[in-house]
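Single-structure report; data block below.
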Protein chains: 2
Amino acid sequence: MQASKIEHIGIAVKDLDKSISLYEEMLGYECYKVEEVKDQKVRTAFFKIGETKLELLEATDPSSPIARFIEKRGEGMHHLAFAVSNIEERLMNMEKKGINLIDKKARKGADDLNIAFLHPGSTSGVLIELCENKNKK
Amino acid sequence: MQASKIEHIGIAVKDLDKSISLYEEMLGYECYKVEEVKDQKVRTAFFKIGETKLELLEATDPSSPIARFIEKRGEGMHHLAFAVSNIEERLMNMEKKGINLIDKKARKGADDLNIAFLHPGSTSGVLIELCENKNKK
């Protein structure tokens with residue numbers, strides 16, 4: 001897949017404002033952006049850490065994937081995102097290698113990235129997101 | 001806490017050799033080390049990715065924390081490790097801020113690091129590890 005870095009780590013939280021305060025207190029600096037992603041029914045908050053980011057995710061609706069995750073497993077790490085180039089080519093390669101895709105085509109995600117998810121059943125239980133920043137080409 | 005980067009992301013797996021093959025296939029390169037950490041009753045495999053690492057963890061005994069995690073929640077992301085300096089001072093600071101510590105003092109972990117865990121009940125459900133590389137001072 002030739003991922004250049006971990007783009008971010010997604011963390012499912014019940015109460016975004018409370019978790020922002022907690023991570024601000026723990027890391028010693030402020031989150032740099034809060035954003036709503038309507039089609040995923042989430043509100044997100046981002047913290048920079050080295051070359052990567054933490055993305056806190058709160059459901060804005062009970063039908064959100066984040067609400068369903070928390071219901072099943074409680075708060076915690078939800079997904080792991082790799083920065084890649086040529087995301088469509090990567091998805092084709094993953095599929096050829098027998099990895100099940102949640103998204104057969106990339107779509108718009110938070111932070112203005114093109115994203116696609118791989119199925120955790122194919123990746124030792126980890127929900128993996130591929131992210132491409134088209135602006136960085 | 002002034003963490004400089006994500007040191008690694010720990011992933012609990014049932015079958016280390018199978019997951020090594022899977023991540024090698026997915027990432028397109030080989031894991032650089034397999035190591036047993038006897039006091040944690042785990043066998044670990046490391047992959048470099050940008051400035052951070054993925055650490056696959058397999059239990060070597062049913063009483064291992066990794067075996068108990070998998071029994072409860074299945075395979076998946078287990079912990080998130082931050083690189084810090086002055087780990088003992090960081091632990092004192094965390095405790096002062098009301099964050100519960102699993103390890104009140106740092107101890108030896110995999111990859112020759114000094115490590116300590118924070119309690120996930122204090123950190124939105126994420127098991128956080130602080131890591132100090134004493135050789136890098």
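Residue numbers start from 1 in every chain, and the chains themselves are labelled A, B, ... in the order their sequence lines are given, proteins ahead of strands.
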Kindly indicate whether the side chain of A:Leu127, heavy atoms from C-beta on, has any atom under 4.5 Å from the side chain of B:Met77.
no
Is it the case that one hydrophobic cluster holds both A:Leu27 and B:Ile99, taking links as side-chain heavy atoms less than 4.5 Å apart, direct or via other members?
yes
What part of A:Ser122 gets closer than 4.5 Å to chain B, counting heavy atoms only: side chain, backbone, both or neither?
backbone
Same cluster or not: A:Ile9 versus A:Leu118, using hydrophobic residues (I, L, V, M, F, W, Y) connected whenever any side-chain heavy atoms lie under 4.5 Å apart?
yes
same_hphob_cluster(A:Ile115, A:Met94) at 4.5 Å side-chain heavy-atom cutoff
no
Shared hydrophobic cluster for A:Ile102 and A:Leu57 (ILVMFWY, side-chain gaps under 4.5 Å)
no
Gap between atom CG of A:Leu22 and atom OG1 of B:Thr123 - 0.5 Å precision:
7.0 Å
Check whether A:Ile70 gets within reach of chain B through its side chain, its backbone, both or neither, counting any heavy atom under 4.5 Å.
neither
Within residues 29-44 of chain A, contacts to chain B at heavy-atom distances under 4.5 Å involve none
So which residue, B:Ala83, B:Ser124, B:Gly50, ends up with the most heavy-atom pairs under 4.5 Å with chain A?
B:Ser124
In one Ile/Leu/Val/Met/Phe/Trp/Tyr side-chain cluster, 4.5 Å: B:Ile66, B:Phe117
no
Neighbour count above 12 (heavy atom, 6.0 Å) for B:Lys108 NZ:
yes
CA sep, side-chain torsions, deciding dist, call: B:Leu54, A:Ile6, side chain to side chain contact (heavy atoms under 4.5 Å, CB included)
CA-CA 10 Å; B:Leu54 301 182; A:Ile6 302 289; 4.2 Å; yes
Kindly determine whether A:Ile128 and B:Met26 satisfy side chain to side chain contact (heavy atoms under 4.5 Å, CB included), including the steps that lead there.
CA-CA 11 Å; A:Ile128 289 179; B:Met26 188 166 63; 3.4 Å; yes
Is B:Leu56 in contact with chain A via its backbone, its side chain, both, or neither, using a 4.5 Å heavy-atom distance?
neither
Answer yes or no: does atom NZ of A:Lys72 have more than 12 heavy-atom neighbours from other residues, nucleotides or ligands under 6.0 Å?
no
Ordered numerically, the heavy-atom neighbours of chain A under 4.5 Å found in residues 11-20 of chain B are B:Ile11, B:Ala12, B:Val13, B:Ser19
Do any N or O atoms from the side chain of A:Glu51 and from the backbone of B:Glu51 form a donor-acceptor pair under 3.5 angstrom?
yes
Does the pair A:Thr52 and B:Thr52 meet the rule for a side chain to side chain contact (heavy atoms under 4.5 Å, CB included), with working shown?
CA-CA 9 Å; A:Thr52 188; B:Thr52 187; 5.8 Å; no
Is there a donor-acceptor pair closer than 3.5 Å between any side-chain N or O of A:Glu25 and the backbone N or O of B:Lys97?
no
